[in-house]
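Some notes on the structure that comes next.
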Amino acid sequence: MSILPPAERRSVVLVTVYAALSLLLLVIGERIPASWLRGTGAVIFAPFDRTAGALDRMFTSWNENTSLHERIAKLEVENARLKLMAAENPRLRAQLGFGSWRGLPLQPVEVLALGGGNPLPDAATLSAGLEDGVQVGDAVLTSEGLIGRVTESWPRLSRATLITDPNQAVACEVETTGVQGILRFVASPRPRLVLSAISIADTVRVGEIVVTSDLSLRFPRGIPVGVVKQIDRDPTGLMQEIELAPAARLARLRHAFVAPGPRPPADGIPRPKLGPGAATGRIEPRAAGRDTVGKGR
Amino acid sequence: MKAIGMFIFMAIVSLLLRTTLLAGLASHGIVVDVLVLATVAWSLKQRDAWGATFGFILGLAADIDTAHWVGRHALALSLLGYGVGRLSTTLVRDSILTQLVLFAVATALHQLWAAAFDASGSAVNVGWLAGRVALATITTAPFGVLVLMIPRLFSSRRSYGNASGSSSAG
């Protein structure tokens with residue numbers, strides 16, 4: 001060290017301090033509460049994110065306008081058909097003795113920024129927060145399907161952890177057959193959404209739609225998650241490992257909806273979902289379950 | 001004072017690009033490692049001490065935003081900033097080839113480092129990993145050189161100078 005000129009010595013000391021700090025953070029970083037830091041960063045960056053988003057929309061609005069007009073026309077036809085079915089459905093459910101469905105209250109939000117820096121982002125900053133009624137645990141979805149869950153909420157902004165975060169797990173089922181599985185994002189050997197814990201005896205076909213399960217204690221039932229893309233066996237050979245193509249375009253998120261998630265019970269004791277609500281798909285207050293968000297790796 | 005203003009401006013622009021425009025490009029397979037791009041560009045101009053500081057601060061901001069493995073980008077970028085800053089005193093910094101090689105090597109190293117964390121605890125598909133690193137390298141390196149050429153379009157002076165230390169940096 002002493003043979004180095006003072007300026008070089010200073011830079012060597014500086015980089016050593018930075019390296020030591022970084023290594024220390026790698027070891028204890030998960031234990032440091034950084035939510036307030038992310039919240040401050042989100043507030044500082046929100047105006048820039050809005051500007052960048054507005055510019056992006058300006059350039060793409062022409063094409064988007066054309067495709068939206070086509071989509072409106074299709075949806076109007078579909079809406080007319082669904083209205084007929086909606087009138088028929090309560091009568092049929094009543095005859096079968098089923099409870100009535102309750103609609104999912106959706107709050108529109110703007111996606112200000114995507115986090116992660118990879119081809120598939122693992123987090124998103126949303127334009128609504130506690131003051132708008134967005135709370136930790138709320139589900140985040142688009143018209144195409146589930147994208148994640150609110151994990152941090154600040155007064156005017158919030159942060160959603162997307163289903164592409166390897167620490168997220170969602171209880172799902174195959175829409176047509178009801179085969180249950182756990183959805184996870186696997187980063188290697190290549191990044192993909194995998195539906196696991198499915199018995200080899202269960203029949204799943206490529207192209208089938210996978211939705212959130214009624215066993216999910218964190219998400220309302222029936223939200224599309226993805227489409228079966230490839231079916232393999234897991235390394236043990238006893239279970240199936242099913243690769244899904246995400247229902248929502250996770251890398252091109254601009255707008256989303258927040259749906260109320262479970263609220264923790266007043267006494268803080270998590271309970272499994274039981275009773276008639278379980279069969280009707282109603283959203284009941286609930287706390288913990290099969291699908292969890294892990295802390296750290 | 002001007003350098004500190006530029007420091008803050010570059011860090012904010014890099015982080016903003018990473019979460020907006022480049023996140024959209026990444027979905028089309030065009031992965032530009034803007035963290036490396038900014039760190040290398042800054043280190044070429046401001047040398048090792050400032051390069052390491054810039055890399056550390058930028059990496060830390062990216063780590064906090066990502067929420068997992070806090071410190072991974074900070075460590076890699078501070079070392080890259082220091083390394084490129086040191087090399088800048090011995091290389092012709094205005095040479096396009098030098099810049100291209102520096103961007104390519106720095107991007108490859110950073111991507112390999114980041115991939116190691118993404119793949120922790122499971123088997124790694126070497127082909128996929130090589131593809132990811134190659135893709136980021138071949139997009140970031142030419143893009144970085146293009147970005148460094150922009151100031152030269154508006155000024156006849158050299159942007160960086162050479163090993164002797166002649167530089168127009170303010």
Side-chain angles (χ1 to χ4, degrees), chain A residues 7-8 10-12 14-15 17-19 21-30 32 34-35 37-38 41-42 44-45 48-49 51-53 55-56 112-123 125 151-152 159 161 165-167 186-191 235 249-253 296-297, chain B residues 12-13 15-24 26-29 31 33-35 47-53 55-56 59-76 78-79 81-82 85-86 114-115 117-129 131-132:
Chain A
E8 287 184 18
R10 198 175 62 235
S11 58
V12 168
L14 206 60
V15 79
V17 169
Y18 291 150
L21 262 175
S22 305
L23 286 170
L24 186 71
L25 282 170
L26 270 172
V27 177
I28 63 158
E30 300 282 348
I32 297 171
S35 174
L37 263 176
R38 273 192 294 279
I44 293 169
F45 275 88
F48 301 111
D49 288 330
T51 310
L55 285 172
D56 185 35
L112 296 178
L114 297 170
N118 293 321
L120 281 175
D122 60 15
T125 307
T151 46
E152 285 172 332
R159 183 185 170 89
T161 301
D165 184 306
N167 289 335
V186 181
S188 66
R190 61 192 165 79
R249 289 183 303 167
L250 294 161
R252 293 292 295 166
L253 294 171
R297 293 176 195 185
Chain B
I12 287 177
V13 167
L15 292 169
L16 192 64
L17 281 174
R18 185 170 182 259
T19 56
T20 53
L21 181 69
L22 296 179
S27 67
H28 298 292
V31 181
D33 195 336
V34 73
L35 300 178
R47 305 287 171 84
D48 47 359
W50 274 104
T53 305
F56 179 73
L60 198 59
D63 284 328
I64 288 169
D65 181 52
T66 309
H68 298 308
W69 298 113
V70 179
R72 66 168 171 164
H73 290 307
L75 178 60
S78 58
L79 292 176
Y82 175 77
R86 285 303 297 267
F117 283 90
D118 288 344
S120 60
S122 52
V124 178
N125 183 331
V126 179
W128 171 78
L129 184 65
R132 171 181 161 161

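Lettering of chains follows the sequences in order, A, B, ..., and the numbering in each one begins at 1.
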Non-hydrogen side-chain atoms of A:F45 and B:T19 separated by less than 4.5 Å: no
query: Under a 4.5 Å cut-off applied to non-hydrogen side-chain atoms, are A:F48 and B:L15 in contact?
result: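 No. Closest side-chain heavy atoms not under 4.5 Å.
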task: State whether B:D65 and A:R159 are salt-bridged, where the test is any N-O pair (Lys NZ or Arg NE/NH1/NH2 against Asp/Glu carboxylate O) under 4.0 Å.
output: yes
field: Heavy-atom pairs under 4.5 Å with chain A, option from B:L17, B:L16, B:I64 with the top count
entry: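 Of B:L17, B:L16, B:I64, B:L16 has the most heavy-atom pairs under 4.5 Å with chain A.
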query: Any idea which of B:I12, B:D63, B:L79, B:T53 has the most non-hydrogen atom pairs under 4.5 angstrom with chain A?
result: B:T53
statement: Applying a strict 4.5 Å limit to non-hydrogen atoms, the region of A:L112 in contact with chain B is backbone
query: For B:R86 and A:V12, which heavy atoms make the closest approach, and how far apart are they?
result: NH1-CG2, 4.5 Å
field: Under 4.5 Å from a heavy atom of chain A, the part of B:L60 involved
entry: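 Only the side chain of B:L60 comes within 4.5 Å of chain A.
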Residue selection (most heavy-atom pairs with chain B, distance under 4.5 Å) from A:L14, A:L24, A:V15, A:L23: A:V15
- prompt: Between the side chains of B:Y82 and A:S11, does any donor sit under 3.5 Å from an acceptor?
  reply: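 A:S11 and B:Y82 do not have a side-chain donor-acceptor pair below 3.5 Å.
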